Amino acid sequence: IPESEESCPVCGDRVSGYHYGLLTCESCKGFFKRSVQNNKHYTCTEQQSCPMNRTQRKRCPYCRFQKCLAVGMKTEAVRADRMRGGRNRFGPLYRRDRQIKLQRADYQTNVAPYRIKMETTIWHQSPLTPHDHYPAEGLTSLPLPYSEQLPLTGHPQEKCHMSFDYHTASTSHAMHRTVSETYTTRSTQASSSNANIVDCDPDHASPLGPFSSFLTPNFLDALIESEQDESQLCAKVLSSLQREQANRGKHDCLNTFSIMCKMADQTLFGLVEWARNSALFKELKVEDQMVLLQNCWSELLVLDHLYRQVTYGKEGLLFLTQAQIEVSTIISQAGVTLSGLVSRTQDLVAKLKALYFDRKEFVCLKYLVLFNPDVKAVLNRRQVEQTQERVNRALMEHTRQTHAGHADKFGQLLLRLPEVRSISLQVEEYLYQQMLHTKHN
DNA sequence: TACTCAGGGCCAATG
DNA sequence: CATTGGCCCTGAGTA
Ligand SMILES: [Zn+2]
Ligand SMILES: [Zn+2]
């Protein structure tokens with residue numbers, strides 16, 4: 001059933017089954033076969049980047065064949081002897097792929113919505129006071145640097161620097177407090193957001209919505225101001241880990257990898273909260289809020305991780321909130337999935353560092369990923385589209401103004417999003433495996 | 001052994 | 001004429 005939903009990665013047409021390595025449509029199957037069998041060499045009359053879709057795929061065989069190869073169609077699967085029927089060596093690959101897709105579908109439709117539902121229920125049941133919202137707030141008044149040692153088990157030789165230092169993550173917390181509070185203490189009935197926002201924000205009251213009175217140059221600033229301070233999120237994640245550890249005995253400690261999973265879990269919680277607190281997001285219908293979050297939660301998770309690595313991470317170290325782990329340790333001790341994930345991520349971190357990826361851009365990318373008009377079940381597509389375009393313009397403007405020396409930083413940033421998406425799918429897969437694994441114990 | 005499903009081939013339609 | 005793509009035939013691997 002799920003593969004009837006899939007569309008051909010080459011041209012977007014309906015998929016007819018696995019062909020030469022992956023799910024493709026019938027026409028691309030035939031095209032690829034003929035091209036390989038007859039050893040075709042096409043040429044492109046344009047810039048070798050012709051659009052590929054159902055109606056235009058015939059226009060440029062060169063670009064079509066390049067795309068076939070790019071998405072992973074395998075020339076080895078075309079038989080030189082033209083033997084018909086039977087099976088080839090890709091059989092097991094197809095089986096694995098099917099399994100993974102099933103798992104992913106199961107996770108997407110059962111687990112992720114459940115989580116989000118749970119979180120929204122909590123949200124609606126208890127209108128949050130600022131104090132509840134930041135359970136770790138007291139930590140900000142502690143003398144800095146505040147350090148603590150989390151007992152770790154697992155691999156005794158493993159050099160795992162688990163010292164917690166608020167100095168690095170803490171910035172001008174007090175400055176943003178007031179802004180954050182006005183947002184978080186609002187009634188959270190998102191469906192009637194307009195009235196609430198006008199109520200709480202008389203300065204910006206407008207019949208067209210809370211942001212319509214912001215002039216475009218201030219749009220991004222307004223977005224940034226409403227962002228929760230980084231240290232608050234870190235503190236929340238950490239305090240929850242400490243609670244978890246406190247509930248366990250001294251001799252029943254979490255190992256590093258469980259800690260990473262728990263961190264991801266808590267961060268996800270925080271990201272859902274982030275979205276639900278954002279004024280742009282509140283303008284959407286609750287139904288659309290749900291489907292958008294269900295679509296991008298893992299991408300947000302990856303983006304969040306990337307930003308933390310770029311800003312706080314040191315070379316060769318994986319920075320987890322306040323803990324640092326040597327990347328080489330993970331690569332050598334984790335399974336193939338996780339180590340692959342970590343190395344792909346670190347590659348991306350290096351690229352972003354080279355671009356001097358900043359906080360404003362990070363926030364913009366989060367919004368671009370969240371307001372994805374391509375999500376199938378979205379009701380008000382126009383609204384999502386407009387918001388995405390708006391953020392997109394803001395990002396373009398920002399990169400043009402503040403990074404004038406760096407040609408096309410805007411384009412470079414957008415080009416990283418497909419890789420983020422790809423990593424996020426792998427993350428979902430990994431988390432799903434972990435879930436099954438822990439369930440069986 | 002019956003069934004599956006990804007290979008190959010066929011051929012009307014298209015230009 | 002060459003190319004396309006929907007449909008059908010085949011047969012090794014699988015339950
Ligand atoms: Zn196709
Ligand atoms: Zn082309």
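Just so we're on the same page: letters track the sequence lines, and every chain starts at 1. Everything numeric in this text was worked out from a predicted model, so none of it was measured.
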5' priority, DNA chain B, between A/Ala77 and A/Lys58 [closest heavy atom]: A/Ala77
Interatomic distance where NZ belongs to A/Lys29 and P belongs to B/dG7 [whole Å]: 8 Å
B/dG9 phosphate, OP1 or OP2, under 4.0 Å from A/Arg82 side-chain N/O: yes
Contact nearer the 5' end of DNA chain C, comparing A/Arg34 with A/Gly85: A/Arg34
Distance, rounded to the nearest Å, where A/Leu93 contributes CG and B/dG7 contributes C1': 15 Å
Sugar-phosphate, base or nothing in reach of A/Arg64, heavy atoms under 4.0 Å: sugar-phosphate
From B/dG7, B/dC5, B/dA6, nucleotide with atom closest to A/Arg84 side chain: B/dG7
Along DNA chain C, first and last positions that approach a heavy atom of chain A under 4.0 Å: C/dT3 to C/dA15
Atom pair distance, as rounded to whole Å: CE in A/Met73 and C1' in B/dA6: 12 Å
Euclidean distance, atom NZ of residue A/Lys33 to atom C1' of B/dG8 [Å, nearest integer]: 5 Å
A/Asp13: which of A/Arg64, A/Lys29, A/Arg54, A/Lys58 passes salt bridge (Lys or Arg N to Asp or Glu O under 4.0 Å): A/Arg54
Nearest-Å distance for atom pair NE2/P, residues A/His19 and B/dC5: 12 Å
Presence of A/Asn88 side-chain N/O under 4.0 Å of B/dG7 phosphate oxygens OP1/OP2: yes
A/Cys28 to A/Met73 - nearest heavy-atom pair and separation: O-CE, 4.0 Å
Euclidean distance, atom CD of residue A/Glu26 to atom P of B/dC5 [Å, nearest integer]: 15 Å
A/Tyr42 atom OH: more than 12 heavy-atom contacts under 6.0 Å: yes
Sugar-phosphate only, base, or nothing, as touched by A/Arg95 at under 4.0 Å among non-hydrogen atoms: sugar-phosphate
Proximity of A/Tyr367 and A/Phe219 rings by center, below 6.0 Å: no
A/Phe90 CZ to B/dG8 P, straight-line distance once rounded to whole Å: 12 Å
Under 3.5 Å side-chain donor-acceptor pair for A/Gln386 and A/Arg390: no
Minimal non-hydrogen separation, A/Gly12 against A/Ser7, with atom names: O-CB, 3.4 Å
Main-chain N/O of A/Leu355 paired with A/Lys409 side-chain donor or acceptor, under 3.5 Å: yes
Gap between atoms NZ and C1', on A/Lys74 and B/dG7 respectively (whole Å): 16 Å
